[in-house]
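No hydrogens, no waters, no symmetry mates; every other heavy atom, side chains included, goes into these values. Residue indices begin at 1 and follow the sequence shown.
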Amino acid sequence: MKKFIYLLAIITSVQISAQRIGELAPEKEPEKFPEHSWGIDLMFGEGGFGLGAFIRKNFTPTITGFADISISESKDEREVEYVDWYGNTFVLGKVNNVFLIPLNFGVQYRLFYDILTDNLRPYINAGIGPTFVVSKPYTTDFFSAFNKAKMHYAVGGYIGLGANFGISKKNLAGINIRYYYVHLFDKGVENMKDRFRKNFGHFYLTLNLGIMY
């Protein structure tokens with residue numbers, strides 16, 4: 001009986017000590033990342049490859065403001081690319097190449113700030129701003145065709161879902177899936193013969209590479 005009482009006393013004292021240690025051990029504070037960052041966006045979408053740049057500022061641990069600009073090609077959904085006998089590609093009925101240059105200002109909100117580790121920082125983001133739409137004659141001589149390019153003006157924006165990775169305080173790496181929507185003010189641009197487009201909608205998978213400071 002005495003042995004049982006001694007054993008019970010030892011177990012109770014161990015439990016009390018463990019509870020005290022648990023109470024004394026503080027939770028790990030979230031990592032504090034630099035407020036400013038800038039970098040480039042590598043974009044892969046329905047129209048092909050795009051390239052962009054961004055700047056960001058953290059207002060709070062969960063809210064970040066940003067501005068970004070990019071350039072990418074927009075193709076008509078009816079475009080079908082063919083290859084001739086000599087290996088050259090062409091699109092029947094295509095009149096112009098169209099490029100989108102959106103300048104967006106927006107907000108990024110970090111999700112699950114108190115739940116997930118800092119190594120994975122998911123977020124949602126949205127931006128809006130003016131978009132410059134450039135159309136140039138469809139030709140095999142790519143650069144000389146820009147002498148006949150026309151500028152169109154539009155308004156647009158995007159919504160996205162993404163995440164930043166790693167706990168580096170210098171290098172920024174992330175991925176973002178975005179849906180862009182653009183509306184032209186004039187009659188539109190002619191990608192394919194007699195088909196004018198006033199509205200553009202594209203998904204892009206965007207890789208973000210930058211520097212924090």
Side-chain angles (χ1 to χ4, degrees), residues 38-56 64-83 89-109 111 122-139 142-143 145-146 148-165 172-210:
W38 68 273
I40 61 172
D41 290 328
L42 303 178
M43 306 167 63
F44 306 89
E46 300 163 289
F49 176 76
L51 185 65
F54 66 85
I55 56 173
R56 300 176 185 173
T64 300
F66 67 83
D68 60 39
I69 187 170
S70 62
I71 180 169
S72 60
E73 186 176 2
S74 176
K75 295 182 179 180
D76 191 287
E77 60 186 14
R78 299 189 308 173
E79 291 187 27
V80 179
E81 198 170 71
Y82 298 93
V83 181
T89 59
F90 63 96
V91 179
L92 292 175
K94 187 165 184 175
V95 178
N96 291 297
N97 290 107
V98 175
F99 297 88
L100 304 179
I101 309 175
L103 172 62
N104 289 302
F105 303 89
V107 176
Q108 175 178 302
Y109 179 75
L111 302 171
Y123 62 82
I124 55 175
N125 58 344
I128 190 171
T131 298
F132 308 98
V133 181
V134 179
S135 62
K136 73 171 190 65
Y138 177 64
T139 175
F142 183 83
F143 293 101
F146 275 100
K148 300 179 180 179
K150 296 181 180 179
M151 178 74 77
H152 308 262
Y153 301 96
V155 64
Y158 68 81
I159 56 174
L161 173 66
N164 294 321
F165 304 101
L172 176 66
I175 189 170
N176 193 210
I177 300 174
R178 303 172 182 172
Y179 178 74
Y180 282 82
Y181 181 80
V182 176
H183 175 74
L184 279 137
F185 294 115
D186 56 19
K187 68 177 182 179
V189 292
E190 188 180 18
N191 265 104
M192 305 294 288
K193 185 173 177 59
D194 299 325
R195 179 179 171 91
F196 289 83
R197 303 168 64 200
K198 288 178 63 70
N199 300 298
F200 301 81
H202 296 292
F203 280 99
Y204 283 94
L205 176 65
T206 305
L207 301 180
N208 318 119
L209 302 172

Practice prompt. Let me see the working for His152 and Val182 under side-chain contact (heavy atoms from CB on, under 4.5 Å), right down to the final yes or no.
Written response: CA-CA 12 Å; His152 308 262; Val182 176; over 6 Å; no
Worksheet entry | Ile55 CD1: over 12 foreign heavy atoms closer than 6.0 Å | no
Worksheet item: Between Arg56 and Phe54, is NZ or CZ placed under 6.0 angstrom from the six-membered ring centre and within 45° of the ring axis?
Response: yes
Discussion item. Please evaluate residues Tyr158 and Asp68 with respect to the criterion side-chain hydrogen bond (donor to acceptor under 3.5 Å, both in side chains), reporting the C-alpha separation (whole Å), side-chain torsions for both, the decisive distance (0.1 Å), and the verdict.
Written reply: CA-CA 11 Å; Tyr158 68 81; Asp68 60 39; 2.5 Å; yes
Worksheet item: Do the non-hydrogen side-chain atoms of Val107 and Asn125 ever get within less than 4.5 Å of each other?
Response: no
Discussion item. So which atom in Asn208 and which in Ile175 form the shortest heavy-atom distance, rounded to 0.1 Å?
Written reply: OD1-N, 3.7 Å
Worksheet item: Between Phe66 and Ala126, which heavy-atom pair has the shortest distance, and what is it?
Response: CZ-O, 3.5 Å
Worksheet item: Short question: side chain of Asn176, backbone of Leu161 - any donor-acceptor pair under 3.5 Å?
Response: yes
Practice prompt. Taking all non-hydrogen atoms of both residues into account, name the closest pair between Leu184 and Ala154 and its distance.
Written response: CA-CB, 3.7 Å
Item to complete: Please work out whether the ring planes of Phe200 and His202 are parallel, tilted or perpendicular, with thresholds of 30° and 60°.
Response: tilted
Worksheet item: Has Ile177 got more than 12 heavy atoms of other residues, nucleotides or ligands less than 6.0 Å from its CD1?
Response: no
Worksheet item: If every non-hydrogen atom of Ser72 is compared with every non-hydrogen atom of Gly50, which pair is closest and at what distance?
Response: CB-CA, 3.9 Å
Worksheet item: Is it true that Tyr109 and Tyr123 have ring centroids separated by less than 6.0 Å?
Response: no
Fill in: Pairwise side-chain contact, Ser70 with Tyr180, heavy-atom cut-off 4.5 Å (strictly under)
yes
Worksheet item: So, the side chain of Glu190 versus the backbone of Asn96: is there a donor-acceptor pair under 3.5 Å, distance only?
Response: no
Response to the item:
d(Trp38 CH2, Leu209 CG) to nearest 0.5 Å is 11.0 Å
Response to the item:
Nearest heavy-atom approach of Pro137 to Asn97 is O-OD1, 4.1 Å
Worksheet item: Are the side chain of Asn199 and the backbone N or O of His183 linked by a donor-acceptor pair below 3.5 Å?
Response: no
Practice prompt. Establish, yes or no, whether a centroid distance under 6.0 Å links the rings of Phe49 and Phe44.
Written response: yes
Worksheet entry | Expected output: side-chain Lys150 to main-chain Lys136 donor-acceptor under 3.5 Å | no
Practice prompt. Test side-chain contact (heavy atoms from CB on, under 4.5 Å) on Ile101 and Val133 and set out the steps.
Written response: CA-CA 6 Å; Ile101 309 175; Val133 181; over 6 Å; no
Worksheet item: So how far is it from Ile71 CD1 to Met43 CE, rounded to the nearest 0.5 Å?
Response: 10.5 Å
Worksheet item: Do Phe132 and Tyr153 come within less than 4.5 Å of each other through their side chains, counting heavy atoms only?
Response: yes
Fill in: CD1/Ile159: more than 12 non-hydrogen atoms of other groups inside 6.0 Å
no
Fill in: Distance in Å, Asn104 CG paired with Thr131 OG1, rounded so as to fall on 0.5 Å steps
6.0 Å
